[in-house]
Number of protein chains: 2
Amino acid sequence: MSESTEEPGPHEPSLDEQIAAYQREFRDLDPQVEQVVSALGRLNRRMNVAYGRQVAALGISNAEWEVLKTLVLAGAPYRLGPGELAKRLGLTPAAMTHRVDRMAGEGLVTRDRDENNRVRVIVELTDEGRTKWLEAMRMASDFEEDLLQDLSGDERGVLGELLVRLLRRVEHAQPDAGGRLTDLD
Amino acid sequence: MSESTEEPGPHEPSLDEQIAAYQREFRDLDPQVEQVVSALGRLNRRMNVAYGRQVAALGISNAEWEVLKTLVLAGAPYRLGPGELAKRLGLTPAAMTHRVDRMAGEGLVTRDRDENNRVRVIVELTDEGRTKWLEAMRMASDFEEDLLQDLSGDERGVLGELLVRLLRRVEHAQPDAGGRLTDLD
DNA sequence: CTCGAAGACTTTAGCACTAAACTTAGAAGG
DNA sequence: CCTTCTAAGTTTAGTGCTAAAGTCTTCGAG
């Protein structure tokens with residue numbers, strides 16, 4: 001199989017190759033915009049893989065870690081209903097029913113009926129769940145520190161500020177005349 | 001339901017509230033790092049929702065759009081094997097078998113055995129698939145332009161450059177002595 | 001007081017994914 | 001040749017998700 005006519009085998013394009021390829025196929029593309037957007041996408045995919053590996057070492061899935069984070073964010077006493085959890089994580093309530101089942105079985109949370117309103121259910125973080133969250137948080141924060149290692153303090157500040165401005169644009173998209181960012185939620 | 005003892009109902013924390021909450025629960029957190037990382041995460045989630053709605057208007061799913069993009073990136077004649085597609089999209093080959101089935105049924109791609117090596121399968125973009133890609137690309141690029149609207153040209157450049165540096169760190173993570181970024185792939 | 005309606009979950013059916021076993025074509029060696 | 005090995009896809013079993021229907025509590029109107 002050493003023929004010279006053999007295909008060399010395709011290779012995964014680098015970011016620069018990707019932008020160049022899109023420009024060949026689609027003339028109207030602004031390379032500066034594309035660089036920002038493509039880098040964001042790639043970065044996030046890599047980071048999610050990395051987070052997944054880290055929390056797997058603690059015996060929990062990325063999905064479970066998201067629930068732990070959401071409960072901690074709610075603040076003491078670390079309680080939320082399944083519906084609220086589902087809304088914040090972008091899932092259907094049905095999916096959350098099963099996720100909470102699993103996590104309750106693993107002792108990460110408890111699930112109880114609200115005595116004041118028996119239609120509601122309260123999902124509450126256990127001490128074990130809180131400990132898992134803390135361990136995951138330590139690993140994540142070490143990883144994130146590594147990720148930003150090459151950036152100076154000023155650069156980190158600038159990056160954070162620019163990202164926050166993009167986020168504001170996407171989170172408070174108001175109905176401007178011809179705006180296309182009006183229907184994100 | 002107008003009792004003053006009634007819970008006001010929890011609300012989704014803003015980015016600043018989120019960082020403040022994490023700092024209360026985890027003293028070692030660097031707020032500058034957390035701002036960058038959390039903004040990245042939120043931004044990407046919002047963007048994926050937005051992309052999903054846009055391509056849905058064209059009658060394709062986000063998953064199918066990813067395949068179209070990957071084939072276009074490969075360049076003319078827009079061919080790749082299912083295994084290669086799976087690798088680039090971070091899926092198992094099994095998942096790609098079914099995805100290609102669907103897309104071939106919809107006329108977006110063709111699937112044929114390679115005559116030179118009958119173990120291989122060639123997935124090739126159809127004209128209809130290429131047209132769908134172009135329509136999706138136009139919508140995406142309008143959206144992305146809107147997203148970056150508030151940033152000046154210089155700011156876009158700075159942002160792109162900083163993101164590329166993060167990406168480099170995560171993509172070419174080499175085995176440094178105590179580095180934790182060594183096992184990403 | 002009773003009925004109807006709404007809200008908050010749960011259940012069911014179906015789809016997309018992963019992991020692992022299986023199939024088949026080409027490559028390598030005796 | 002004929003066997004074995006490897007590579008590329010497909011198939012199977014099981015998991016987690018969505019959409020839609022179902023259940024149960026609470027609220028409001030007659």
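In the text below, chain A, chain B and the rest are named by the order of the sequence lines, each starting its count at 1. Hydrogens, waters and symmetry mates are skipped; everything else that's a heavy atom, side chains included, is used.
The same ILVMFWY cluster, assembled from side-chain heavy atoms under 4.5 Å apart, contains both B:L43 and B:V37.
Look at NE2 on A:H98: it is 9 Å from P on C:dT10, rounded to the nearest Å. Between the C1' atom of C:dG7 and the CE atom of A:M96 lies a distance of 18 Å, rounded to the nearest Å. Atom CG of B:N117 is separated from atom C1' of D:dA7 by 9 Å (rounded to the nearest Å). Counting to the nearest Å, the C1' atom of C:dG26 and the CZ atom of B:R120 are 11 Å from each other. One interatomic measurement links the two molecules: CD1 of A:I60 to P of D:dT15, which rounds to 20 Å at whole-angstrom precision. When the P atom of D:dA8 is taken as reference, atom CD1 of B:I122 falls 13 Å away, rounded to whole Å.
Evaluation of the ring pair (Phe, Tyr, Trp, His ring centres under 6.0 Å) test over residues 38-58 of chain B, restricted to residues two or more places apart or in two chains, returns B:Y51-B:W65, B:Y51-B:F143.
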Enumerate donor-acceptor pairs with a distance under 3.5 Å from any side-chain N or O in residues 69-82 of chain A to protein atoms, sequence neighbours excluded.
unit_1: A:T70; atom_1: OG1; unit_2: A:E66; atom_2: O; d: 2.8
unit_1: A:Y78; atom_1: OH; unit_2: A:R130; atom_2: NE; d: 3.2
unit_1: A:Y78; atom_1: OH; unit_2: A:R130; atom_2: NH2; d: 3.3
unit_1: A:Y78; atom_1: OH; unit_2: B:E25; atom_2: OE1; d: 2.7
unit_1: A:Y78; atom_1: OH; unit_2: B:E25; atom_2: OE2; d: 3.2
unit_1: A:R79; atom_1: NE; unit_2: A:E124; atom_2: OE1; d: 2.8
unit_1: A:R79; atom_1: NH2; unit_2: A:E124; atom_2: OE1; d: 3.4

Please table the atom pairs, donor to acceptor, closer than 3.5 Å between any side-chain atom in residues 157-166 of chain A and protein atoms at least two apart or in another chain.
unit_1: A:R165; atom_1: NH1; unit_2: B:E155; atom_2: OE2; d: 2.9
unit_1: A:R165; atom_1: NH2; unit_2: B:D150; atom_2: O; d: 2.9
unit_1: A:R165; atom_1: NH2; unit_2: B:E155; atom_2: OE1; d: 3.2

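Not one N or O on the side chain of A:E171 forms a donor-acceptor pair closer than 3.5 Å with the backbone of A:R168.
Closest to the side chain of B:L91, out of D:dT10, C:dT18, C:dC9, is C:dT18. Of the candidates C:dT11, C:dA25, D:dC17, C:dT11 carries the atom nearest the A:T97 side chain, counting heavy atoms from C-beta on.
At a cut-off of 3.5 Å, with distance as the only test, no side-chain donor of A:Q35 or B:R156 sits close to an acceptor on the other residue.
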Using atom names, set out every protein N or O paired with an N or O of nucleotides 2-4 of chain C below 3.5 Å, distance rounded to 0.1 Å.
none

Distances under 3.5 Å between protein N/O atoms and the N/O atoms of nucleotides 19-23 of chain C, please, pair by pair.
none

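Contacts between residues 67-89 of chain A and DNA chain D, defined by a heavy-atom separation below 4.0 Å, involve no residue at all.
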